Amino acid sequence: MSLLGVNGVLPADAQTVKDKRAAAYKSAKSVMPPDLYLVYRVADRVITTNDIKRPIRVAVRNNVDCAGILGLDPNSAKCQSVQMLPKIDKATNFDIWAAQVVGTMSGDANAFALSNAGTLFLNTAMLKELTGKIDQVACVVAHEIAHITQNHGEEKRKKQIELDQKTSVHVSRSVSKARGAQNAYVTGMAILGGINAGLGNSTYSTDMALNNLQISAMLTRPQVAKLALNYTPNISDSINEMQGLAANFAEQAWNRIQYNLRDHAIEFAGFSRKLEYEADLLGVEYVAAAGFNPRECIKLWTETMNHNESKLIKRLLPEGVEDPGISRSKDGAYSGMTLEEIRRAAMQSTVAAAKDEKDEKKEDDYKKVPEDVLASLKSHPDGKSRAAAIREHILQKSKLSRLERQGLSRMNTIFVRNWSYDEDSDSVVISDSFTRPEKAGSKDAGITGIDVDASLGF
């Protein structure tokens with residue numbers, strides 16, 4: 001697809017527009033690093049042609065291996081902060097500089113968005129994979145912008161809360177079963193001790209058994225408390241209900257709890273994959289409207305991008321249980337939901353109503369993945385189905401052609417999206433407001449780009 005006119009020649013008025021816009025972008029190019037300028041230009045075109053009405057910040061970051069180089073928990077807030085830092089000078093912080101250098105050389109190609117903050121990041125490993133592939137750069141940028149416009153970060157936060165509540169109920173039940181077993185043991189020992197006393201026999205063995213259980217329960221308390229700290233408040237409170245259990249009964253409870261946590265992780269990963277699928281298809285529409293080739297997105301999602309949710313699901317599913325979201329057909333044909341259906345489904349809760357205790361699964365069945373958890377994966381295509389879904393979406397040629405025409409008309413103006421380059425964070429904010437090309441990115445108007453004297457008339 002091309003943003004040029006017939007035979008690649010711009011009409012005279014369009015040539016004037018192009019010249020005016022080129023002057024604005026020339027000033028941006030003079031202050032931004034080349035990699036950031038590339039992503040900025042692509043993002044600006046996607047945002048403008050799709051009439052996205054919110055500011056979006058763009059940044060390029062080096063990879064950081066928190067665990068391997070810095071010895072940090074990859075999920076910790078400190079690690080996440082380090083990963084968002086711009087390039088660090090060797091003299092400023094050698095450890096972070098080294099982590100960024102090594103991570104850039106060996107890191108995984110990745111991009112991600114913080115939808116609440118309206119920020120998208122591409123890492124340098126991803127840019128290396130996309131060398132010379134402007135259409136695939138557009139596919140990545142459009143995919144991440146789709147996460148932002150659909151506010152997927154907030155959707156995931158809500159889902160996390162729902163699943164935490166659901167999982168805490170199951171964890172409490174697992175603890176309750178272990179506590180019931182311990183109470184039955186105590187009752188049995190008490191009865192045996194009473195029988196021995198009635199017969200005039202020694203109660204030493206039963207007394208020692210009960211005493212040892214109490215000591216074991218006391219020793220287990222700090223271990224339980226430490227374990228609970230690794231989880232969210234709701235789940236942590238339920239795990240702390242193990243306080244008072246002796247070691248063998250606490251272990252029995254923990255064995256069950258690990259399956260509760262597994263189900264939580266699978267269902268959340270499945271929900272995340274649904275949002276990825278939505279961003280795939282909406283991103284394809286953004287790409288088409290911006291005048292890039294949407295077919296390049298197929299190769300991108302099958303060969304370049306990491307799909308962490310799918311890897312997690314594969315690790316968590318028991319041996320012999322297949323992921324319901326993966327196509328079983330030989331050619332990877334996909335006849336699933338449309339983008340509109342996925343959008344509705346993505347906003348609906350997949351959490352089943354909590355069952356009464358009497359409906360609890362049989363004792364020997366708790367290791368299996370619950371049906372409602374498996375069902376949460378079915379509408380979240382992956383693997384061949386994911387690429388096939390994009391391919392099928394691209395076949396809607398009339399729709400994509402309409403989007404391209406709309407996008408082209410939105411570029412046919414001398415006004416450009418205002419922008420502000422932040423040197424400290426090495427990022428650029430693309431505004432939702434337009435300005436004349438010569439005023440875009442002006443430092444004279446500060447961060448906001450507002451000429452306050454002109455606005456207030458003195």
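If you're wondering where the values come from, they're calculated on a predicted model, not measured in any experiment. Each residue takes its place number in the sequence, starting with 1.
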Checklist entry - Is the side chain of R57 donor-acceptor paired with the backbone N or O of G118 at a distance under 3.5 Å, no angle test? => result no
Checklist entry - Could you give the distance from CG (L127) to OG1 (T131), rounded to the nearest 0.5 Å? => result 8.0 Å
Checklist entry - Considering residues at least two apart in sequence or located in another chain, which fulfil the side chain to side chain donor-acceptor pair (under 3.5 Å) criterion with T149? => result Y286
Checklist entry - Would a distance-only check, ignoring hydrogens and angles, find a side-chain to backbone donor-acceptor pair under 3.5 Å from Q100 to P86? => result yes
Next on the checklist: Is the shortest side-chain heavy-atom distance between P318 and V369 below 4.5 Å?
Outcome noted: yes
Item to check | Student check: side-chain heavy atoms of Y40 and I430 closer than 4.5 Å | outcome: yes
Item to check | Sequence-distant partners of R417, salt bridge (Lys or Arg N to Asp or Glu O under 4.0 Å), two or more places apart | outcome: none
Item to check | From Y259 atom OH to H170 atom NE2, the distance as rounded to the nearest 0.5 Å | outcome: 16.0 Å
Checklist outcome for this item: Applying ring pair (Phe, Tyr, Trp, His ring centres under 6.0 Å) to F434 and not counting sequence neighbours gives none
Item to check | side chain to side chain donor-acceptor pair (under 3.5 Å) partners for Q396, two or more places apart | outcome: H393
Next on the checklist: Looking at N418 and S431, would you say the former's side chain and the latter's main chain have a donor-acceptor pair under 3.5 Å?
Outcome noted: no
Item to check | Partners meeting ring pair (Phe, Tyr, Trp, His ring centres under 6.0 Å) with Y37 (sequence neighbours left out) | outcome: none
Checklist entry - Is there any ring pair (Phe, Tyr, Trp, His ring centres under 6.0 Å) pair reaching into residues 108-131, and which pairs are they, with sequence neighbours excluded? => result F112-F121
Checklist outcome for this item: Residues L122 and L120: closest non-hydrogen pair is CD1-CD1, 3.6 Å
Item to check | N63 backbone acceptor or donor facing N123 side chain under 3.5 Å | outcome: no
Checklist entry - Can a salt bridge be assigned to the pair R179 and E241 using a cut-off of 4.0 Å between side-chain N and carboxylate O? => result no
Item to check | Min side-chain heavy-atom separation R61-Q83 under 4.5 Å | outcome: no
Checklist entry - Between R157 and E154, is any pair of side-chain heavy atoms under 4.5 Å apart? => result yes
Item to check | Working for side chain to side chain contact (heavy atoms under 4.5 Å, CB included), residues D263 and T167 | outcome: CA-CA 8 Å; D263 296 342; T167 302; over 6 Å; no
Next on the checklist: Please determine whether the number of non-hydrogen atoms from other residues, nucleotides or ligands lying under 6.0 Å from atom NZ of K90 exceeds 12.
Outcome noted: no
Next on the checklist: Going by the rule ring pair (Phe, Tyr, Trp, His ring centres under 6.0 Å), which residues pair with Y231 if we only count those two or more places apart in sequence or in a different chain?
Outcome noted: none
Checklist entry - Are side-chain heavy atoms of E296 and V287 found at a separation under 4.5 Å? => result no
Item to check | Pair E251, N255: side-chain N/O donor-acceptor within cut-off below 3.5 Å | outcome: no
Checklist entry - Does the S115 side chain pair with the main chain of G153, one donor and one acceptor, at a distance under 3.5 Å? => result yes
Checklist entry - Looking only at atom types and distance, does a side-chain atom of S172 sit under 3.5 Å from a main-chain N or O of S168, one as donor and one as acceptor? => result yes
Checklist entry - So, the side chain of Q136 versus the backbone of L130: is there a donor-acceptor pair under 3.5 Å, distance only? => result no
Item to check | Partner set under salt bridge (Lys or Arg N to Asp or Glu O under 4.0 Å) for R295, not counting sequence neighbours | outcome: none
Item to check | Residues forming a side chain to side chain donor-acceptor pair (under 3.5 Å) with N260, sequence neighbours excluded | outcome: S174
Checklist entry - Does I148 reach the side chain of R54, with side-chain heavy atoms less than 4.5 Å apart? => result yes
Checklist entry - Taking only residues two or more places apart in sequence, or in another chain, which ones meet R21 in a side chain to side chain donor-acceptor pair (under 3.5 Å)? => result Y25
Next on the checklist: Please enumerate all residues that pass ring pair (Phe, Tyr, Trp, His ring centres under 6.0 Å) together with H147, with sequence neighbours excluded.
Outcome noted: H143, H152
Item to check | Side-chain touch V140/M126, heavy atoms, less than 4.5 angstrom | outcome: yes
Checklist entry - Would you say the side chain of W419 lies within less than 4.5 Å of the side chain of V31, judging by non-hydrogen atoms? => result yes
Next on the checklist: Run the side chain to side chain contact (heavy atoms under 4.5 Å, CB included) test against I414 and tell me which residues pass, sequence neighbours left out.
Outcome noted: V17, K20, R436
Next on the checklist: Are more than 12 heavy atoms, taken from residues, nucleotides or ligands other than K87, located less than 6.0 Å from that residue's NZ atom?
Outcome noted: no
Checklist entry - Are any of the side-chain nitrogens in E276 or R273 under 4.0 Å away from the carboxylate oxygens of its partner? => result no
